[in-house]
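Have a look at the structure below, then the notes.
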Amino acid sequence: MDTSLAHEHHDADAQDDGYDFHRIQEKWLPIWDELKPFASSDPADKRPRKYVLDMFPYPSGDLHMGHAEAFALGDISTRYWRQQGFNVLHPIGWDSFGLPAENAAIKRGIDPREWTYANIAQQKESFKRYAVSFDWDRELHTSDPEYYKWNQWLFLKMYEKGLAYRKDSWVNWDPVDQTVLANEQVLPDGTSDRSGAVVVKKKLTQWYFKITDYADRLLDDLNQLEGAWPAKVLAMQRNWIGRSQGADVDFEIEGHSEKVTVFTTRPDTLYGATFMVVAPDSDLAADLAAESTPAAQKAFKAYLELVQKSTEIERQDDSREKTGIPLDRFAINPATGEHIPIWAADYVLADYGHGAVMAVPAHDQRDLDFARKFNLPVKVVVDTNAPVTGAIPVLDLDENGVAILPDDLPPLDPAATGKPLLGEGRMINSGPLDGLSKSNAIKKIVEQLEAAGTGRASKTYRLRDWLISRQRFWGTPIPIIHGEDGALIPVPLDQLPIVLPPTAGLDLQPKGQSPLAAATDWVNVPNPIDGTPARRDPDTMDTFVDSSWYFLRFLNPSDDERAFDPALADKWAPVDQYVGGVEHAILHLLYARFITKVLFDLGYVSFTEPFSALMNQGMVLSGGAKMSKSKGGVNLGDELDLFGVDAIRITMAFAGPPEDSFNWEDASPAGSGKFLARAWRLANDVTSKPEIEWKTGDPELRRQTHRLLADGPGLFEAFKFNVVVARIMELVNATRKVIDSGAGPGDAAVREATEVIAVALSLFAPYTAEDMWEKLGYQPTVALAGWRKPDPTLLIEDSVVAVVQVDGKVRDKFTVNPKISADELEKLARESSAVIRTLGDREIANVIVRAPRLVNIATR
RNA sequence: GCCGGUGUGGCGGAAUGGCAGACGCGGAGCACUCAAAAUGCUUUGCUCGAAAGGGCGUGUGGGUUCGAGUCCCACCACCGGCACCA
């Protein structure tokens with residue numbers, strides 16, 4: 001294999017005029033570190049401001065391909081705005097609390113801090129090598145007490161406002177690990193992702209943030225983001241909040257002093273409510289059962305146990321038959337006065353609406369399924385065969401084309417067919433509502449209920465309050481002290497932060513309560529009010545709390561007086577461009593929007609939406625699937641060693657639209673490297689001096705250069721980075737041609753084009769661009785060289801290609817003066833031999849002329 | 001089931017209602033070389049034709065228009081989210 005030796009020797013010889021990404025990276029990285037070209041804190045800086053933010057990473061090891069794509073795309077935007085003369089705030093931090101650190105700590109018997117900060121150091125070094133243009137002076141970590149102190153402050157502010165509260169609720173419980181699991185930790189088969197145990201429901205007292213108070217605003221304010229956020233994310237958020245309009249109806253209960261309220265979107269069908277169903281796991285069901293017959297009590301207890309043993313996956317299986325038991329209790333339908341039976345069934349959810357429904361089996365599939373299974377009465381109250389203004393049922397025609405008369409319409413018998421009547425129709429069997437349409441009936445019944453005090457218009461949401469308690473060590477301690485008498489005492493602000501204790505002597509293994517409960521020195525404190533013995537709340541906060549306001553902390557991460565400075569927030573926030581994965585489309589973004597509105601209500605910020613624009617980058621896939629360590633996906637470090645930082649960055653940008661995912665196998669980092677070498681060689685070949693007079697340059701190359709200058713901004717701002725790269729490639733190819741077979745390397749247009757290429761490439765390939773800039777005779781850094789203004793005189797074409805179509809098909813083309821008149825162009829078109837041949841003896845019907853580019857001759 | 005999105009060569013993808021396939025990958029051929037690598041050049045949607053020149057082509061079927069990948073209607077396929085939410 002002596003050929004390879006020869007090869008290496010040859011490469012070493014060629015070093016001087018060859019493109020060597022290793023050399024370039026090693027040369028420029030320390031120079032940038034010293035220059036700090038991306039510092040953004042100078043108060044005297046007069047440039048207009050922009051805030052570009054990448055979703056901060058979780059330090060779970062070194063950076064991977066997904067990071068490489070996301071941060072390349074965010075960095076292109078950032079560097080673009082800098083070239084446009086903006087002072088861009090582009091900070092970086094780490095979302096460094098969370099379960100993986102704790103699990104790693106348990107596995108290795110170390111402190112989670114060790115693992116976390118070692119990974120941060122590694123990612124930081126990788127980010128620098130990857131040339132992401134961060135302002136490193138603003139680095140933050142959410143696991144630093146200097147950061148999480150302000151989570152505690154936020155919690156206390158929310159507690160003061162009644163937005164943080166405790167309640168009992170059913171949570172996912174892992175009976176093996178003895179711990180609460182987040183919904184995401186429960187596998188689709190209903191088992192724990194860690195222990196493999198079947199997850200059950202358990203009732204625990206937990207801390208919640210009252211996000212449901214903000215449901216309307218969170219929903220309505222999405223309209224402001226229309227067009228600036230991906231339609232998909234807006235739809236997902238709307239879906240998640242899930243507002244339903246309808247009515248609350250109060251039902252009296254036999255032998256029960258309190259009324260039971262149900263929520264319905266179809267109050268018009270109240271006359272058809274033939275039974276009531278309550279969620280078995282609701283307090284209401286327990287109350288009703290407790291006052292019932294011993295037999296019913298026993299049946300309820302057995303049923304509740306059965307329900308609690310069932311897994312999520314069983315519950316959600318829609319082919320599953322309905323289950324339920326009668327409670328032997330009766331409700332009184334406020335419209336008909338009928339006494340209707342009350343059942344407990346798990347198709348009704350305890351935490352939606354009021355945990356109870358009025359069942360209208362004739363007009364609801366679920367209620368009908370239930371009624372048919374348990375032989376409950378079905379009463380039709382909407383005649384869906386009757387025509388309704390504005391929504392006339394379509395009548396089928398018989399074979400003679402005659403409408404099938406109403407007599408022949410299907411019978412209104414859902415009990416027999418199993419199909420509920422869901423369409424529009426006229427009310428029947430509904431007393432005063434008879435004859436009305438759906439919308440009129442809803443209006444009328446709600447008026448009547450309101451007048452009688454037994455109901456009211458209402459809305460309800462799919463959104464639930466945000467459970468923030470975690471029985472974990474590696475998170476922000478909840479700043480509450482529990483008195484001996486059970487009183488909740490907020491930690492006084494001047495005692496913040498409540499710092500996590502050392503892990504020495506602590507068992508971090510999950511065991512049903514937070515490991516902090518066992519840190520006796522830490523958890524036992526005097527009651528701040530009277531000095532009696534008291535205990536700290538041992539739970540920590542969900543890490544989504546940390547990330548719900550971090551964008552404000554970046555404004556001055558070392559501020560030890562307050563979470564953030566409102567004056568700086570006025571200057572910089574909200575974030576102009578947020579970049580991150582669509583996996584955060586719901587939770588993180590919803591929580592950040594919620595906390596921003598809370599901070600607005602508290603008077604700390606003057607805006608109500610945190611992120612003015614959002615870009616979701618796609619994923620880097622391998623074989624059509626998400627890359628993962630376990631599947632042995634492509635390693636970023638290996639790719640960087642092989643192709644260089646710039647080639648990987650430009651590959652990410654060129655692979656397609658930023659929001660689309662792509663297969664790494666379909667990308668061509670080697671091709672990107674070739675392109676960069678081509679570009680770099682232009683700078684190497686330029687022989688003219690920077691002072692050269694542009695006007696003397698090759699006019700066609702100059703025109704192409706200025707077209708890129710003119711089109712670039714629009715393309716960048718529309719995130720068409722792949723198209724920009726293509727345009728730069730075209731300019732590189734054109735410049736090469738002029739050097740090799742045109743005016744030569746000394747031509748002014750060659751220098752001008754190469755300089756513009758260097759500036760354009762600085763957004764994608766910072767190392768290559770910087771080296772080109774130096775070869776062109778300039779000082780660093782090209783990153784701040786500025787995007788030049790195009791010369792308008794060079795954007796005017798001196799000739800254009802006109803197309804002649806016959807019936808929309810191109811038949812001839814010719815080069816014409818752009819100022820050619822319509823008549824003249826039409827004349828040329830009619831004289832074209834290709835056109836004459838195609839026309840033959842066909843008769844011309846119409847001639848469309850769009851001078852100077854197009855003539856279309858339409859024939860009969 | 002409901003909501004959102006996407007369908008363009010062998011592949012990734014371009015295209016303010018006006019030349020479909022920019023740019024790149026891959027392929028083929030050529031130059032340089034003893035040879036290779038590197039680099040450069042030519043070519044590359046399908047199809048008929050020796051050529052000149054035709055025909056067909058943006059998921060399917062219709063429509064609007066002088067002209068549709070682009071706009072409208074219906075459908076199909078795939079991807080994503082939600083889902084016993086009253």
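Computation of the quantities below employed the complete heavy-atom set of this structure, encompassing side-chain atoms and omitting hydrogens, waters and symmetry-equivalent molecules. Within every chain, numbering begins at 1; the chains are lettered A, B, ... in the order of the sequence lines, protein sequences first and strands thereafter. On a predicted model such as this, the values are computed, not experimentally measured, just so you know.
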Could you tell me if [Y] and [X] have a donor-acceptor pair between their side chains, going purely by distance under 3.5 Å?
X: A:Asp216; Y: A:Tyr461; answer: yes
X: A:Tyr303; Y: A:Thr323; answer: yes
X: A:Trp229; Y: A:Gln237; answer: no

Answer yes or no: is there a donor N or O on one side and an acceptor on the other, between the side chain of [X] and the main chain of [Y], under 3.5 Å?
X: A:Asn856; Y: A:Gly808; result: yes
X: A:Tyr271; Y: A:Val380; result: no
X: A:Lys373; Y: A:Lys322; result: yes

Any strand: nucleotide that pairs with [N] via Watson-Crick or wobble, under 3.5 Å:
N: B:G49; value: none
N: B:G80; value: B:C3
N: B:U60; value: B:A74
N: B:G18; value: B:C66
N: B:G12; value: B:C23
N: B:C30; value: B:G40
N: B:A35; value: none

[atom1] atom, [N] versus [M]: distance in rounded Å?
N: B:C23; M: B:G40; atom1: P; value: 15 Å
N: B:A20; M: B:U16; atom1: P; value: 15 Å
N: B:C66; M: B:C11; atom1: P; value: 36 Å
N: B:A14; M: B:U8; atom1: C1'; value: 10 Å
N: B:A38; M: B:A28; atom1: P; value: 14 Å
N: B:U47; M: B:G10; atom1: P; value: 9 Å
N: B:G4; M: B:G21; atom1: C1'; value: 28 Å
N: B:G63; M: B:G17; atom1: C1'; value: 15 Å

### Query
How long is the gap from NE2 on A:His354 to CG on A:Asp250, to the nearest 0.5 Å?
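Answer for the NE2-CG pair, A:His354 versus A:Asp250, is 8.0 Å.
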
### Query
At what distance, to the nearest 0.5 angstrom, does CZ of A:Phe21 lie from CD1 of A:Ile648?
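Output value for this atom pair is 9.0 Å.
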
Round to the nearest Å and state the distance from [X] atom [atom1] to [N] atom [atom2].
X: A:Leu676; N: B:U39; atom1: CG; atom2: C1'; result: 16 Å
X: A:Ile739; N: B:G40; atom1: CD1; atom2: P; result: 12 Å
X: A:Asp351; N: B:A86; atom1: CG; atom2: C1'; result: 13 Å
X: A:Leu349; N: B:C82; atom1: CG; atom2: P; result: 16 Å
X: A:Asn239; N: B:G80; atom1: CG; atom2: P; result: 16 Å
X: A:Leu422; N: B:A86; atom1: CG; atom2: C1'; result: 13 Å
X: A:Phe675; N: B:G40; atom1: CZ; atom2: C1'; result: 17 Å
X: A:Ile586; N: B:G80; atom1: CD1; atom2: P; result: 14 Å

Phosphate OP1/OP2 of [N]: any [X] side-chain N/O under 4.0 Å:
X: A:Arg238; N: B:G4; result: no
X: A:Tyr352; N: B:A86; result: yes
X: A:Arg320; N: B:C84; result: no

### 5' precedence on RNA chain B between A:Asp807 and A:Tyr461 (nearest-nucleotide basis)
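So the residue in question is A:Asp807.
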
#### Entry: Upstream residue (5' side of RNA chain B) when A:Trp240 and A:Arg736 are each assigned their closest nucleotide
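Nearest nucleotide further toward 5': that of A:Arg736.
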
### Letter per nucleotide, 5' to 3', of nucleotides 51-61 of chain B [B base touched, S only sugar-phosphate touched, - untouched; heavy atoms, 4.0 Å]
--SSSS-----

### Message
Generate the contact string for nucleotides 13-29 of chain B. Rules: B means base contact, S means sugar-phosphate contact only, - means no protein heavy atom under 4.0 Å.
### Response
SSS--BBS-BBSS----

### Message
From C-beta outward on A:Tyr347, which listed nucleotide comes closest to its side chain: B:C3, B:G81, B:C84?
### Response
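Selected nucleotide: B:C84.
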
Can you tell whether the side chains of [X] and [Y] come within less than 4.0 Å, N to carboxylate O?
X: A:Asp220; Y: A:Arg238; value: no
X: A:Lys259; Y: A:Asp248; value: no
X: A:Lys809; Y: A:Asp807; value: no

### Query
Do any pairs count as a salt bridge (Lys or Arg N to Asp or Glu O under 4.0 Å) and have a residue in residues 660-680 of chain A, sequence neighbours left out, and if so which ones?
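As it turns out, there is no salt bridge (Lys or Arg N to Asp or Glu O under 4.0 Å) pair with a partner in residues 660-680 of chain A once direct neighbours are skipped.
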
#### Entry: Anti versus syn assignment for B:G9, with syn defined as within 90° of 0
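In terms of base orientation relative to the sugar, B:G9 is syn.
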
